[in-house]
2 protein chains.
Amino acid sequence: MLKDDNAAAPSPLDVNDATVARWQAIAAQLRADILAGRVAPGERLPNETALAERFGVNRHTLRQAVQALVREGHLNVRQGCGTFVRELVLDYALRRRTRLSENLARTGETAGRELLSHAVLPAGEWADALKLPARAKVVVLETRSSVRGRRVGLSTAAFPCPRLADIAAPVARHGSITRALAELGVADYTRSRSVVSTRLPTQAEADALARPMSQPVLVVQYVNVDRAGVPVETGSTLFAADAVQLVVEPDALA
Amino acid sequence: MLKDDNAAAPSPLDVNDATVARWQAIAAQLRADILAGRVAPGERLPNETALAERFGVNRHTLRQAVQALVREGHLNVRQGCGTFVRELVLDYALRRRTRLSENLARTGETAGRELLSHAVLPAGEWADALKLPARAKVVVLETRSSVRGRRVGLSTAAFPCPRLADIAAPVARHGSITRALAELGVADYTRSRSVVSTRLPTQAEADALARPMSQPVLVVQYVNVDRAGVPVETGSTLFAADAVQLVVEPDALA
DNA sequence: TTAAATTTGTGCGTATGTATG
DNA sequence: ACATACATACGCACAAATTTA
């Protein structure tokens, strides 16, 4: 094993851990940098020679790490041009049946939904959209959606309380609103309205999305209703604008 | 029931109507004041304590009303700073028939469209959307839309050249794309696709919209097709996000 | 249009460590 | 102990693609 002359490396990962191959450690570090947003999507990495030198390995070794990340979908390599952090542009279709998982399935991606917090609160600002009396109760969930390990969405969703009081658990279990609603008897639901705006995120929001505060987010405020037209969910989702764009097309005739 | 000591209020709504929550009645009155221009856009409201006293309610009740208006986009609240009337909120509906003028007519506003520049260029980046060969020609118009004297939108639109080569003049004359197209034989057209994203504007764009560079804009890339499904226009519109929000609802069944 | 510079892709040879039989 | 096979790693050289001047 070579002497470590690369002790100043900023990553917490040890590039010279003997239990894994060096190219694997390098891949892990580059992957962590990408997922944490330390290198921006679309950004070009230093060339292979420079990267190999920085990690203190031969260019072949570095290339193995890069190839692994290409296979994982994190990097794009163009001969003669450079190595780029792959842009993650999800086309999020706003239509009657708006589902995160369906939107991603179309692109061959898989989504994860993480429950950050839940609480029971007075309907307050959500009462109108849910057609509830102002002092009814709602369950409010904060969730974060990730694709390919990248945080892409941050949602605050409110559900009417007597009917869907127990939604937090199934959401946490399935990582899916659709499946959680199905478990509580809402077999199907449709998007009745979406309102799109944009603004700069707060510090907390930027942190939660692993994005800089200077990058604007898309804000989608929405209402979902069941087959009978009764509101079952309202809320707003913040989308990282470098990862998601919204697509609006006329619904296919059913 | 409290005696109404606020009889001078111009609103027709009774703040003490028992059929709705008090905060809803207060929200309705504030909304009416804003829509009627009795409080100017950008103006700061009295602080919450003063407002609560004026309506004869607890500050918590008043805050519910304010929150509702924030959610509707009529107010902006900045902690430690005050509550402000939002500059202008246009609900711009994205649907099959997407027309600037129709969108504004719904809100009682009237739009103006200003032709900033026009040129004949190779189809290039617009070729795909217009289904043209790459070296066909297109007419590219830069236009600016204003409402109530406020600049709200900045568009770059491309039209296929043999068919719509002379579109610049009627656009300048009518201040309307719809009427210009009609004059050239395109009696009707529909929006086949809209893609929504956001970013910070360039200096030139910010200047053209009379907005600071720090305020993000909504970017809508679109394709319009005639009744036969042939593309007649593609382009992108930048909306000042403090003035416009996009609304997506299922099209009414025709 | 051409040419130079930059960057990734590929091939060869060599060497080391590990698992297998 | 030895031979074999495989994965890993280093060094050099040149080919191919792309960008830039």
Side-chain angles (χ1 to χ4, degrees), chain A residues 1-91 107-109 147-150 210 212 215 241-243 245, chain B residues 119-130 132-138 140 156 158 161 195 197 199-205 219 221 236:
Chain A
M1 184 66 65
L2 289 177
K3 167 90 173 51
D4 182 8
D5 60 348
N6 195 29
S11 164
L13 292 167
D14 184 357
V15 177
N16 294 317
D17 182 350
T19 65
V20 297
R22 298 193 66 174
W23 68 264
Q24 287 177 319
I26 293 168
Q29 173 157 343
L30 290 174
R31 188 186 305 113
D33 288 343
I34 292 167
L35 293 182
R38 287 188 287 272
V39 287
E43 189 176 315
R44 193 174 82 191
L45 298 184
N47 67 47
E48 294 180 347
T49 310
L51 273 180
E53 192 175 357
R54 184 206 290 179
F55 287 110
V57 299
N58 186 272
R59 195 171 143 241
H60 286 297
T61 307
L62 177 99
R63 280 175 55 80
Q64 275 192 280
V66 168
Q67 288 311 312
L69 294 180
V70 169
R71 283 191 300 271
E72 291 172 23
H74 291 302
L75 291 179
N76 250 332
V77 178
R78 281 159 53 199
Q79 182 178 170
C81 190
T83 302
F84 299 82
V85 178
R86 200 170 131 187
E87 300 269 6
L88 181 58
V89 179
L90 298 175
D91 283 356
T107 66
E109 304 281 358
V147 173
R148 218 192 299 151
R150 296 263 271 279
Q215 161 124 46
D242 62 343
Q245 60 186 12
Chain B
V120 177
L121 301 173
E125 56 180 303
W126 297 285
D128 267 5
L130 292 177
L132 290 178
R135 59 193 163 292
K137 298 285 186 181
V138 294
V140 177
T156 303
C161 208
V195 178
S197 56
R199 60 177 171 81
L200 294 176
T202 65
Q203 182 68 61
E205 291 163 347
V219 183
Q221 298 170 282
S236 63

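Atoms considered below: every heavy atom in the structure, side chains included; atoms not considered: hydrogens, waters and symmetry mates. Predicted model only: the values in this text are computed from it and were never measured. A, B, ... follow the sequence lines: proteins, then strands. Residue 1 opens every chain.
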Nearest atoms (heavy-atom pairs only) where A:A50 meets A:N47: N-OD1, 2.8 Å
Quick check for you: among D:dC10, C:dT10, D:dA15, whose closest atom lies nearest to any side-chain atom of A:Q79? D:dA15
Where do A:R22 and A:F55 come nearest, in terms of heavy atoms and distance? NH2-O, 3.9 Å
Rounded to whole Å, CZ of A:R59 lies from P of C:dG11 at a distance of 13 Å
Kindly say whether, by distance alone, the side chain of A:H60 makes a donor-acceptor pair under 3.5 Å with the base of C:dG11? yes
Distance below 4.0 Å between A:N47 side-chain N/O and C:dT7 OP1 or OP2: yes
Report yes if at least one side-chain N or O of A:T61 is closer than 4.0 Å to OP1 or OP2 of D:dT8; otherwise report no. no
Determine: side-chain N/O of A:R44 to OP1/OP2 of C:dT7, distance under 4.0 Å, yes or no. yes
Shortest non-hydrogen contact between A:A65 and A:A27, atoms and distance: CB-N, 3.7 Å
Using a heavy-atom cut-off of 4.0 Å across all strands, would you classify A:T83 as base, sugar-phosphate, or nothing? sugar-phosphate
Counting heavy atoms from C-beta on, name the nucleotide in C:dG9, D:dA9, D:dC10 closest to the side chain of A:E48. C:dG9
So do A:R150 and A:L35 actually touch side chain to side chain, heavy atoms under 4.5 Å? yes
Base-pairing mate for C:dG9 - Watson-Crick or G-U, with both contacts under 3.5 Å: D:dC14
Contact class for A:R78 vs. all strands (heavy atom < 4.0 Å): base, sugar-phosphate, or nothing? sugar-phosphate
